[in-house]
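Keep in mind that the numbers below use all heavy atoms, side chains included, and drop hydrogens, waters and symmetry copies.
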Amino acid sequence: MKEFLLQSGPYIKPKEKQPNHLFIALIIMIFYRFFNEGMIPYFKGEILLLESFLPILLMLACILLSYGFYYIGEHFIKSNQYQKEECMIDGILIGLLLPIHTPIIILCLSIFITIIIGRYFYHNSLFVVPSLIGIIGALGFSVWLSLCHFETTNSVRLLFEFTELLDFNTISLTTLWIGFKGTLITKTSSLLCLILFLFLILKKAIKWRIPAYFIGSYFILLVISNLFIPNTLIGILKSLGTGNLLFLAIFVATDQRTTPVTHSGQILFACFLATMTYIGTYFFTPFLSMILAIIITNFLVPLFDYFGNYYQLKYCSEFGQ
């Protein structure tokens, strides 16, 4: 039985190699964003040359701030807490999730919450992905600035990009899945996310069951809802490819430290995440509902692993292993 459980557990590559493939996939996402939000608008004459480098500048700022808070944490809080590669990935995720016009003070606050609070103070007790805590912190600070009438143009834009809904009637399916330069944070190419997902599966660098079952469950929920709210197949695919849902499912919801270990637990995790995201879309944008759904679902990881271990043990007893 013990040998079966060891064989049936998730495939986790050695720590010094495991982040490398994920890092390559994220680098591709960075270049895509630079091309989509920087080069294309510049060649169209919509922005200046310096502004076209904002995606790269934002990413460099996130990485440098992440390393800065990392060294503060290692020297003044607790050493050997986590690896430099994880620190870089945290910075990249923040840079890809935040708008390119995010004010520097909000950016610093987001990185601080992610690294210092998420990684060092609540490393062993907090089940939530640290980068999502940083995003929620940035969003909450922007709301506070707005309530206190201290908001700037960029902080208002940040709130707008998190809360504004897409008009599917004006966007084609091809444009949505390939990616577009719009007024919203929905600029990630869902098609590119799927390609990188296959790459990560081949390299065995990701818990593939979570994105796979999330996509399947969310699609089924959209089809079932079609019985009550008429929608076309094109509309269903648009809903699946918007709001950075696939990006969050592949690169954020599969975090090694905050997701179930057992295979059955990962499937339950993905199905529950899809359900919470679908319900949240009736109250928030798909992007924000997905973030909140991941945070809520992360707290239930021990419960999912409990049922996962139960079914694995039951399988072993039934087949005499």
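- Considering only heavy atoms from C-beta on, Asp90 stays 4.5 Å or farther from Tyr70 through its side chain.
- Contact detail for His21 and Ala205: the closest heavy-atom pair is CB-CB, 3.8 Å.
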Checklist line | Residue pair Thr259, Gln266: steps toward the side-chain contact (heavy atoms from CB on, under 4.5 Å) verdict | finding: CA-CA 7 Å; Thr259 48; Gln266 293 171 21; 5.8 Å; no
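- Around atom OH of Tyr67, more than 12 heavy atoms belonging to other residues, nucleotides or ligands sit under 6.0 Å away.
- The hydrophobic clustering, which links ILVMFWY residues whose side-chain heavy atoms are closer than 4.5 Å, places Ile111 and Leu64 apart.
- Residues Phe23 and Glu85 form no side-chain contact, since every pair of their non-hydrogen atoms from C-beta on lies 4.5 Å or further apart.
- Annotation: ring-ring contact (aromatic ring centres under 6.0 Å, His included) contacts of Tyr278 (sequence neighbours excluded): Tyr282.
- Ile201 and Ile267 fall into different hydrophobic clusters, where Ile, Leu, Val, Met, Phe, Trp and Tyr residues are linked whenever their side-chain heavy atoms come under 4.5 Å apart, directly or through other members.
- For Tyr71, the side-chain hydrogen bond (donor to acceptor under 3.5 Å, both in side chains) partners two or more places apart in sequence, or in a different chain, are Lys84.
- Leu22 CG to Lys203 NZ: the interatomic distance, rounded to the nearest 0.5 Å, is 14.0 Å.
- Counting heavy atoms from C-beta on, the side chains of Glu37 and Leu54 never come closer than 4.5 Å.
- Here Leu292 contributes atom CG and Ile135 contributes atom CD1; the two are 12.0 Å apart, rounded to the nearest 0.5 Å.
- Hydrophobic clustering (ILVMFWY, side-chain heavy atoms < 4.5 Å, transitive): Tyr213 and Ile210 are in distinct clusters.
- Note that CD1 of Ile47 and CE of Met39 are 7.0 Å apart. Values are rounded to the nearest 0.5 Å.
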Next item on the list: Could you check Ile113 against Ile117 for side-chain contact (heavy atoms from CB on, under 4.5 Å), going step by step and ending with a plain yes or no?
Entry: CA-CA 5 Å; Ile113 294 175; Ile117 297 179; 4.3 Å; yes
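- Closest approach of Asp255 to Thr258, counting heavy atoms only: OD2-OG1, 2.9 Å.
- Listed here is the closest heavy atom pair of Val129 and Val252: CG2-O, 3.8 Å.
- For the pair Thr114/Ile133, no side-chain contact is recorded, criterion being any heavy-atom separation below 4.5 Å from C-beta on.
- Taking the six-membered ring where tryptophan is involved, the planes of Phe304 and Phe272 are tilted, since the angle between them lies from 30° to 60°.
- Judged purely by atom type and a 3.5 angstrom limit, Ser239 uses its side chain to pair as donor or acceptor with the backbone of Gly235.
- In this structure, Ile105 places its CD1 atom where only 12 or fewer heavy-atom neighbours from other residues, nucleotides or ligands lie under 6.0 Å away.
- Using a 4.5 Å cut-off on side-chain heavy atoms (C-beta onward), Leu98 and Ser110 make contact.
- In this pair, Tyr218 and Phe214 present their aromatic rings parallel. The plane angle is below 30°, not in the 30 to 60° band.
- Scanning for ring-ring contact (aromatic ring centres under 6.0 Å, His included) contacts around Phe53 gives Phe34, with sequence neighbours left out.
- Under a cut-off of 6.0 angstrom, the local environment of CG in Leu227 is crowded, with over 12 non-hydrogen atoms contributed by other residues, nucleotides or ligands.
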Next item on the list: Could you walk me through whether Phe284 and Ile291 pass the side-chain contact (heavy atoms from CB on, under 4.5 Å) test, one step at a time?
Entry: CA-CA 10 Å; Phe284 311 102; Ile291 291 177; over 6 Å; no
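- Under the 3.5 Å distance criterion, the side-chain polar atoms of Arg33 are left unmatched by any main-chain donor or acceptor of Ile28.
- Between the side chain of Ser189 and the main chain of Ile178, a donor-acceptor pair closer than 3.5 Å is present.
- If you take CG on Leu192 and CZ on Phe199, they are separated by 12.0 Å, rounding to the nearest 0.5 Å.
- Side-chain atoms of Leu97 and Leu248, non-hydrogen and from C-beta on, do get closer than 4.5 Å to each other.
- Taking CG of Leu191 as the reference point, atom OG1 of Thr174 lies at 10.0 Å (rounded to 0.5 Å).
- Under the 4.5 Å side-chain criterion, counting only non-hydrogen atoms from C-beta, Leu107 is in contact with Cys62.
- Contact record, Pro130 with Arg119: CG-NE, 3.7 Å, taken as the closest heavy-atom pair.
- Using a 4.5 Å heavy-atom cutoff, the side chains of Ile24 and Ile27 are not in contact.
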Check: Are Thr254 and Lys207 close enough, and set up right, to give a side-chain hydrogen bond (donor to acceptor under 3.5 Å, both in side chains), and what steps lead you there?
Finding: CA-CA 6 Å; Thr254 55; Lys207 295 180 179 179; over 6 Å; no
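- Using a distance-only test at 3.5 Å, with no hydrogens or angles considered, no donor-acceptor pair links the side chain of Trp208 to the main chain of Leu202.
- When hydrophobic clusters are built by joining Ile, Leu, Val, Met, Phe, Trp and Tyr residues whose side-chain heavy atoms come closer than 4.5 Å, directly or via intermediates, Leu139 is grouped together with Met290.
- Nearest heavy-atom pair, Ala253 versus Phe269, reported as atom, atom and distance to 0.1 Å: O-CE2, 3.7 Å.
- Taking every heavy atom of both residues into account, Ser217 and Ala274 meet most closely at CB-CB, 3.6 Å.
- For the atom pair CD1 (Ile63) and CD1 (Ile94), the distance works out to 12.0 Å, reported to the nearest 0.5 Å.
- Taken together through direct or relayed side-chain contacts under 4.5 Å among Ile, Leu, Val, Met, Phe, Trp and Tyr, Leu50 and Phe43 form parts of separate hydrophobic clusters.
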Margin query: What verdict does the side-chain contact (heavy atoms from CB on, under 4.5 Å) test give for Val261 and Gln256, after you've listed the backbone C-alpha separation in whole Å, the side-chain angles of each residue and the deciding distance to 0.1 Å?
Written below: CA-CA 8 Å; Val261 177; Gln256 293 289 337; over 6 Å; no
